Amino acid sequence: MAYWLMKSEPDELSIEALARQGEVRWDGVRNYQARNFLREMSVGDEFFFYHSSCPQPGIAGIARIATAAYPDPTALDPDSHYFDTRATAAKNPWSAVDVVHQRTFRHVLELGLLKQQAALDELQLVQKGSRLSVMPVTPEQWAVIIGLAT
DNA sequence: GCCAACGTTGGC
DNA sequence: GCCAACGTTGGC
């Protein structure tokens, strides 16, 4: 089983909203590196749910991958913010996965706290200039971060 | 294939 | 709202 971290703006989808809905489609990823990671995911993989572009950026909880990657329907929807004129049903370059809520942390693990952990130096999230919204997490990094959540 | 211009991300 | 850093686009 692999571990990941995925970013979401809480205004779009927060861990609380995911907890309410149970299972949602994680769509709108429009970066090839991030998309490639989506395609590497397996059912049962777990990921840290990161809140970005908000008053308290950080890891808010854990969710689980419920489906393998499939073509992202928002790319074909003219009414969607994520519509891509180049995408067709036959040739849709973008992928989505379904995810299930697993755990909401009692407190958000703030970005500043994560940056203080020497053991997380290699995590792409804390590297300067990194904007990747889907990234792998090693088992060691996963354990360190779980240890920060009380 | 280079690279300048542009748009986006995301913390602050 | 600002702006650094990055990815993408498109002219050449």
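Just so it is clear, the structure is predicted and the values come from calculations on it, not from any experiment. Letters go in sequence order (proteins before strands), and every chain restarts at 1.
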Q: Please report, rounded to the nearest Å, how far the C1' atom of B:dG7 is from the OH atom of A:Tyr82.
A: 16 Å
(Q) For A:Phe49 together with A:Trp4, are the ring centres under 6.0 Å from each other? (A) no
**Q.** Minimum-distance pair of heavy atoms, taken over all atoms of A:Gly28 and A:Thr74
**A.** N-OG1, 4.0 Å
Q.
How many whole angstroms separate atom CD of A:Gln127 from atom P of C:dG7?
A. 13 Å
Q | Whether A:Ser53 side chain and A:Glu9 backbone form a donor-acceptor pair below 3.5 Å | A | no
Q.
Once you apply a heavy-atom cut-off of 4.0 Å, does A:Arg35 come out as touching a base, just sugar-phosphate, or nothing?
A. nothing
Give each protein N/O atom lying under 3.5 Å from an N/O atom of nucleotides 10-12 of chain B, with the pair distance.
{"residue": "B:dG10", "atom": "OP1", "partner": "A:Lys7", "partner atom": "NZ", "Å": "2.9"}
{"residue": "B:dG10", "atom": "OP1", "partner": "A:Arg131", "partner atom": "O", "Å": "2.8"}
{"residue": "B:dG11", "atom": "OP1", "partner": "A:Tyr50", "partner atom": "OH", "Å": "2.7"}
{"residue": "B:dG11", "atom": "OP2", "partner": "A:Ser53", "partner atom": "N", "Å": "2.9"}

Q. Rounded to whole angstrom units, what separation is found between the CD atom of A:Gln33 and the P atom of B:dT9?
A. 15 Å
Q: Report the distance from atom CG of A:Asn31 to atom C1' of C:dT8, rounded to the nearest whole Å.
A: 10 Å
Q.
Hydrophobic clusters here meaning ILVMFWY residues chained together by side-chain heavy-atom distances under 4.5 Å, can you tell me if A:Val100 and A:Leu13 are in one?
A. no
Q: Please determine which of A:Phe48, A:Phe37, A:Phe47 meets the side-chain contact (heavy atoms from CB on, under 4.5 Å) test together with A:Leu5.
A: A:Phe48
(Q) My understanding is that only one of A:Arg35, A:Arg25, A:Arg30 makes a side chain to side chain donor-acceptor pair (under 3.5 Å) with A:Asp72; could you say which? (A) A:Arg30
